[in-house]
Chemist: 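Below is a structure I'd like to ask you about.
A quick note: this is a predicted structure, and the numbers were derived from the prediction, not measured.
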Amino acid sequence: MSERVVICSRYGKELPGLESVPIEGELGREIFEKVSKEAWDEWNDHIMIRVINEYRLDLIEDEQFDVLMDQMKAFFNL
């Protein structure tokens, strides 16, 4: 089975895509269609934690979770 390729919205070039939708909903589908595995791994392994720490987010609060989602969209150029 060949690897799925996307034109990554973060890096602007063809790269291997994710194997499955990473989060629920329309945003998850958009990430699956437009974000490379490499960009997702960078967000998941490094950037997300920085954003949570810099903004001191309490993800239980809806408004603060929305801040994280907005930062993620900006990171991926969505």
Side-chain angles (χ1 to χ4, degrees):
M1 185 171 169
S2 66
E3 191 171 69
R4 194 174 76 79
V5 175
V6 297
I7 298 176
C8 182
S9 60
R10 170 84 179 148
Y11 298 124
K13 58 185 176 181
E14 281 191 359
L15 291 166
L18 296 167
E19 294 177 13
S20 61
V21 177
I23 59 176
E24 292 181 10
E26 186 176 319
L27 179 58
R29 191 78 190 147
E30 185 175 12
I31 290 168
F32 180 73
E33 293 172 1
K34 298 180 180 177
V35 174
S36 67
K37 181 178 180 334
E38 180 180 346
W40 178 257
D41 288 345
E42 181 181 2
W43 168 260
N44 222 24
D45 295 343
H46 304 289
I47 306 303
M48 180 174 58
I49 299 303
R50 287 184 195 162
V51 169
I52 292 169
N53 288 339
E54 279 187 37
Y55 288 90
R56 300 174 192 251
L57 297 177
D58 178 359
L59 300 179
I60 293 173
E61 301 292 328
D62 289 340
E63 302 83 26
Q64 293 188 33
F65 182 77
D66 290 344
V67 169
L68 180 64
M69 294 295 101
D70 290 343
Q71 290 296 313
M72 180 173 60
K73 290 177 202 174
F75 179 78
F76 291 133
N77 299 315
L78 298 176

Chemist: More than 12 heavy atoms of other residues, nucleotides or ligands under 6.0 Å from CD1 of I47: yes or no?
Modeler: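 Correct, the count exceeds 12.
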Chemist: Taking the basic N atoms (NZ, or NE/NH1/NH2) and the acidic carboxylate oxygens, is any pair closer than 4.0 Å for K34 and E30?
Modeler: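 Answer for the salt bridge query: yes.
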Chemist: Is there a continuous path of hydrophobic side-chain contacts, each under 4.5 Å between heavy atoms, that joins F75 to W40?
Modeler: yes
Chemist: Between Q64 and D58, is there a donor-acceptor pair closer than 3.5 Å when you use the side chain of the first and the backbone of the second?
Modeler: yes
Chemist: Is it the case that R4 places NZ or CZ above or below the six-membered ring of F32, under 6.0 angstrom from the centre and within 45 degrees of the axis?
Modeler: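 Judged by the rule (NZ or CZ under 6.0 Å from the ring centre, within 45° of its axis), R4 counts as positioned above F32.
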Chemist: Give a yes or no on whether F65 and M72 share a hydrophobic cluster (residues Ile, Leu, Val, Met, Phe, Trp, Tyr; joining criterion: side-chain heavy atoms under 4.5 Å apart).
Modeler: yes
Chemist: With a 4.5 Å limit on heavy-atom distance, are the side chains of E38 and D41 in contact?
Modeler: no
Chemist: Any donor-acceptor pair under 3.5 Å linking the side chain of R10 with the backbone of N77?
Modeler: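 Side chain of R10 to backbone of N77: no pair is present.
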Chemist: Looking at every non-hydrogen atom in both residues, tell me the closest pair between L68 and V51 and how far apart they are.
Modeler: CD1-CG1, 3.8 Å
Chemist: State yes or no: do M48 and L59 share one hydrophobic cluster built from I, L, V, M, F, W and Y residues joined by side-chain heavy-atom distances below 4.5 Å, directly or via other members?
Modeler: yes
Chemist: Would you compute the distance between atom CD of E33 and atom CG of L78 and round it to the nearest 0.5 angstrom?
Modeler: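 With rounding to 0.5 Å, CD (E33) is 10.5 Å from CG (L78).
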Chemist: Report yes or no: does S9 contribute a side-chain atom to a donor-acceptor pair with the main-chain N or O of F76 at less than 3.5 Å?
Modeler: yes
Chemist: Distance from W43 atom CH2 to R50 atom CZ, nearest 0.5 Å?
Modeler: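 Atom-to-atom, W43:CH2 and R50:CZ are 11.0 Å apart.
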Chemist: Enumerate the side-chain hydrogen bond (donor to acceptor under 3.5 Å, both in side chains) contacts for residues 15-24, please, sequence neighbours excluded, ordered by first and then second residue.
Modeler: none
Chemist: Any idea which heavy atoms bring P22 and I31 closest together, and the distance?
Modeler: CG-CG2, 3.6 Å
Chemist: Within a radius of less than 6.0 Å around CD1 of I60, do more than 12 heavy atoms belonging to other residues, nucleotides or ligands occur?
Modeler: no
Chemist: About how many Å separate CD1 of I7 and NZ of K13, when rounded to the nearest 0.5 Å?
Modeler: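 Separation between the atoms: 13.0 Å.
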Chemist: Residues in salt bridge (Lys or Arg N to Asp or Glu O under 4.0 Å) with D66, at least two apart?
Modeler: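 Residues passing salt bridge (Lys or Arg N to Asp or Glu O under 4.0 Å) with D66: none at all.
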Chemist: Output the distance between atom NZ (K37) and atom CG (N44), rounded to the nearest 0.5 Å.
Modeler: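 If we round to the nearest 0.5 Å, K37:NZ and N44:CG are 9.5 Å apart.
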Chemist: To the closest 0.5 Å, what do you measure between CD (E14) and OG (S36)?
Modeler: 11.5 Å
Chemist: Indicate, with yes or no, if V21 and V6 share a hydrophobic cluster defined by side-chain heavy-atom contacts under 4.5 Å among Ile, Leu, Val, Met, Phe, Trp and Tyr.
Modeler: no
Chemist: If you measure from CD1 on I23 to CZ on R29, what distance do you get to the nearest 0.5 Å?
Modeler: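 Those atoms lie 12.5 Å apart.
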